[in-house]
Amino acid sequence: MRQSAAVLALALALGSCGHGAEQRATVLPKPIYQLVIPVPPRKAAVAAPQSLATNVALLGANFRGKVGIAVKSVDQGWTVQSGGTTRLPQQSVSKLWVAMTVLDLRDQGRLRLDDPVTVRREDLVLFHQPSAMLVKDDGWQTTVGDLLQRALTMSDNLCNDRLLQYVGGPGAVRAFIVRKGLGDIRFGPGERDLQSNTAGLSWKPEYALGDAFNRARARLPQADRVAAFERYVGDPPDGAAPLAIAGALAKLKKGEMLSAESTRYLIGTMESSKTGKQRLRGAVPPGWSFGHKTGTGQDLAGRTAGYNDVGILTAPDGRSYALAVMIGDTPRGIPERQQLMQAVVTAVVLSHG
C-alpha cells in the first residue's frame with residue numbers, strides 16, 4: 001500500500017507539472033561557458049649593458065667620417081647603435097644577400113650546390129676577381145657551391161656576379177630581402193654598373209680587360225669624378241642601415257632565414273672567410289668564433305666610399321651577437337678604420353657577462 005501510494009503521489013505530481021507547463025513556461029537561465037586558455041608569461045625585456053651602449057656611442061661620435069655601428073644580442077634581443085639608421089654603402093657586404101638567395105632556392109629544391117655552371121670571358125667584371133685566371137677560351141667549368149665559397153671567403157666579384165645571374169639577377173635578390181622582411185637594405189645593380197657609376201662612367205665590356213677601367217676613370221675630369229662620388233655616398237643604390245644588417249644576421253643565427261642545414265653551411269662559410277683579418281676579426285679573443293663579410297669601395301682623393309665589416313660573434317658559452325660596422329665616407333686611414341672596428345668587438349667582449 002505504501003509503495004502504491006508513493007507511485008500515485010509521484011504520478012499526480014508529474015501530471016500537475018505537465019498541466020502547469022501548458023499555462024506558464026518556465027524560463028531556465030542560459031548556461032555560461034568559459035574557455036580558459038593558458039597564456040605563458042611574457043619574458044621581461046633584457047636591457048642592453050649600459051657600458052656597451054656608452055662605448056658604442058662614443059666610438060661613433062669620435063670617428064671623423066660618416067659611420068654607423070649596430071650590435072644586437074641574438075639571445076637577449078637588445079640592440080645598441082650609433083648612426084645605426086643611416087643608409088650607408090654596402091659594397092661587398094651585399095654578397096651575403098646573393099648567398100642567402102642561392103641557399104633559399106636550394107631549400108626550395110630549385111637548385112643544388114653541385115649544379116654545374118660555366119663562367120665565360122664575357123662574365124668578367126671589375127676589381128677583385130682572382131678566379132678570372134681560371135676562365136679560358138672555352139670558359140671555366142665550376143659549380144654553384146664553388147662560386148658561393150669563393151664569393152664569400154675571397155670576396156670574388158666574378159663569382160658573385162655569376163651567381164647573381166644564375167638566381168635571376170638583382171630583382172630576385174631584392175624579392176628575397178622583401179619576403180624575409182629584412183628592412184632598410186637595398187641591393188644594387190650588380191658590380192659592373194655599381195662601380196662604373198660610382199666612378200662617373202657607363203659600363204663597357206672592354207673595362208673588364210686589363211687596366212682599361214682604371215685608364216678610362218683617370219681620363220675623366222676631376223669635377224666629374226667628385227660629382228659621381230658624392231652622388232654615390234649621398235644616396236647609395238646598394239645602401240643599407242647597420243641596424244637592418246645586424247637584425248638580418250640575428251635572424252640568420254636564430255634559424256629564421258634558411259633551413260637548419262643551409263644556416264649551418266652559410267655561417268660556417270662566413271667563419272672561414274680569408275678577408276679583413278684586421279677589421280672586426282682583429283679583436284676576436286681566443287675561444288670566440290666569428291663569421292663575417294667585408295666590403296670596400298673606391299677611393300677618391302683620400303676618401304673611401306664604403307669600408308665595412310659585418311658578422312656574427314659567438315662567445316665560448318654559446319651566446320651570440322650580430323655586429324655591423326660601416327664607414328660610408330671617411331678621410332681617415334685604414335689603420336684608424338680598423339681600430340674603430342676592433343674597439344667595437346672589444347666593447348662587446350668586455351660587456352659579455
Worksheet item: Between Pro236 and Arg186, which heavy-atom pair has the shortest distance, and what is it?
Response: O-NH1, 2.8 Å
Item to complete: Check step by step if side-chain contact (heavy atoms from CB on, under 4.5 Å) holds for Gln129 and Glu191.
Response: CA-CA 11 Å; Gln129 47 180 342; Glu191 197 70 22; over 6 Å; no
Practice prompt. Indicate yes or no: at least one non-hydrogen side-chain atom of Ser273 is less than 4.5 angstrom from one of Lys293.
Written response: no
Worksheet item: Rounded to the nearest 0.5 Å, how far apart are CZ of Arg225 and CZ of Arg219?
Response: 12.5 Å
Item to complete: Assess the side chains of Thr346 and Gln342: does a donor N or O sit below 3.5 Å from an acceptor N or O?
Response: no
Item to complete: Determine whether Leu105 and Tyr166 make a side-chain contact, defined as any pair of heavy atoms from C-beta on separated by less than 4.5 Å.
Response: no
Worksheet item: Is any side-chain heavy atom of Gln195 less than 4.5 Å from a side-chain heavy atom of Gln91?
Response: yes
Discussion item. Quick check: closest heavy atoms across Ala99 and Leu148, and the distance to 0.1 Å?
Written reply: CB-CD1, 3.3 Å
Worksheet item: Which ILVMFWY residues are connected to Phe127, directly or by a chain of links, through side-chain heavy atoms under 4.5 Å apart?
Response: Leu126, Leu201, Trp203, Tyr207, Phe213, Leu220
Response to the item:
Nearest heavy-atom contact between Ala324 and Pro242 is CB-O, 3.6 Å
Discussion item. Parallel, tilted or perpendicular: which one describes the rings of Trp288 and Tyr321, with boundaries at 30° and 60°?
Written reply: parallel
Worksheet item: Would you say the side chain of Val102 lies within less than 4.5 Å of the side chain of Leu111, judging by non-hydrogen atoms?
Response: yes
Worksheet item: At what distance, to the nearest 0.5 angstrom, does CZ of Arg337 lie from CZ of Phe63?
Response: 7.0 Å
Practice prompt. Could you grab the distance from atom CG of Leu258 to atom NZ of Lys251, nearest 0.5 Å is fine?
Written response: 11.0 Å
Worksheet item: Taking the side chain as C-beta and beyond, is there a heavy-atom pair between Leu164 and Pro170 under 4.5 Å?
Response: yes
Item to complete: Would you check if the side chain of Asn308 reaches a backbone N or O of Ile327 as a donor-acceptor pair within less than 3.5 Å?
Response: yes
Practice prompt. Mind listing the closest non-hydrogen atom pair of Ser289 and Glu271 along with its distance?
Written response: OG-OE2, 3.7 Å
Worksheet entry | Straight-line distance of Leu152 CG to Leu163 CG, nearest 0.5 Å | 8.5 Å
Discussion item. Please evaluate residues Thr143 and Leu113 with respect to the criterion side-chain contact (heavy atoms from CB on, under 4.5 Å), reporting the C-alpha separation (whole Å), side-chain torsions for both, the decisive distance (0.1 Å), and the verdict.
Written reply: CA-CA 7 Å; Thr143 65; Leu113 295 182; over 6 Å; no
Discussion item. Checking Ser262 against Arg106: is there a side-chain donor and acceptor pair closer than 3.5 Å?
Written reply: yes
Worksheet item: Leu252 and Leu96: side-chain contact (heavy atoms from CB on, under 4.5 Å), yes or no, with the steps?
Response: CA-CA 11 Å; Leu252 172 68; Leu96 282 174; over 6 Å; no
Item to complete: Side-chain contact test, heavy atoms from C-beta onward, threshold under 4.5 Å: evaluate it for Val325 versus Leu59 and give yes or no.
Response: no
Worksheet, complete the sentence: What one should report as the nearest heavy-atom pair of Arg279 and Thr294 is NH1-CB, 3.8 Å
Practice prompt. Go through the side-chain N and O atoms of Arg162 and Thr142 and say whether any donor and acceptor fall under 3.5 Å apart.
Written response: no
Discussion item. Grouping I, L, V, M, F, W and Y whenever their side-chain heavy atoms are under 4.5 Å apart, do Met100 and Tyr265 come out in a common cluster?
Written reply: yes
Discussion item. Does this structure show an ion pair linking Lys254 with Asp75, if we count only N-O contacts that are shorter than 4.0 Å?
Written reply: no
Discussion item. Grouping I, L, V, M, F, W and Y whenever their side-chain heavy atoms are under 4.5 Å apart, do Ile69 and Val349 come out in a common cluster?
Written reply: yes
Worksheet entry | Residue pair Leu313 / Val348: nearest heavy atoms and the distance that separates them | CD2-CG1, 4.0 Å
Worksheet item: Regarding Asp104 and Gln108, is there a side-chain donor-to-acceptor distance under 3.5 Å anywhere?
Response: yes
Worksheet item: Any chain of hydrophobic side-chain contacts (each under 4.5 Å) joining Ile177 to Leu243?
Response: no
Worksheet item: With the threshold set at 4.0 Å, does a side-chain nitrogen-carboxylate oxygen contact exist between Asp123 and Arg120?
Response: no
Fill in: Test item: Leu52 and Trp78 side chains (from C-beta on) under 4.5 Å apart, heavy atoms
yes
Discussion item. Measuring only between side-chain heavy atoms, which start at C-beta, is Glu256 closer than 4.5 Å to Lys180?
Written reply: no
Item to complete: Treating Ile, Leu, Val, Met, Phe, Trp and Tyr as nodes and any side-chain heavy-atom pair under 4.5 angstrom as an edge, say whether Met326 and Val71 lie in one connected cluster.
Response: no
Item to complete: To the nearest 0.5 Å, tell me how far Ser320 OG sits from His352 NE2.
Response: 9.0 Å
Worksheet item: Measuring from Glu122:CD to Leu124:CG, what's the distance to the nearest 0.5 Å?
Response: 8.5 Å
Worksheet item: Any luck finding a side-chain donor-acceptor pair between Tyr232 and Asp238 under 3.5 Å?
Response: yes
Practice prompt. Inspect the contact between Asp146 and Arg150 and indicate whether a charged nitrogen and a carboxylate oxygen are less than 4.0 angstrom apart.
Written response: yes
Item to complete: Let me know which of Arg303, Arg64, Lys66 forms a salt bridge (charged side-chain N to carboxylate O under 4.0 Å, His left out) with Asp329.
Response: Arg303
Worksheet item: Would you say the side-chain atoms of Asp156 and Ser131 include a donor-acceptor pair closer than 3.5 Å?
Response: yes
Discussion item. With a 3.5 Å distance limit and no angle check, can you tell me whether Asp107 reaches the backbone of Ser259 through a side-chain donor-acceptor pair?
Written reply: yes
Worksheet item: Could you go step by step and tell me if Val345 and Leu323 meet the side-chain contact (heavy atoms from CB on, under 4.5 Å) rule?
Response: CA-CA 8 Å; Val345 173; Leu323 280 63; 3.9 Å; yes
Worksheet item: According to a 4.5 Å side-chain heavy-atom criterion applied to Ile, Leu, Val, Met, Phe, Trp and Tyr, with indirect links allowed, do Val233 and Ile245 form part of one hydrophobic cluster?
Response: no
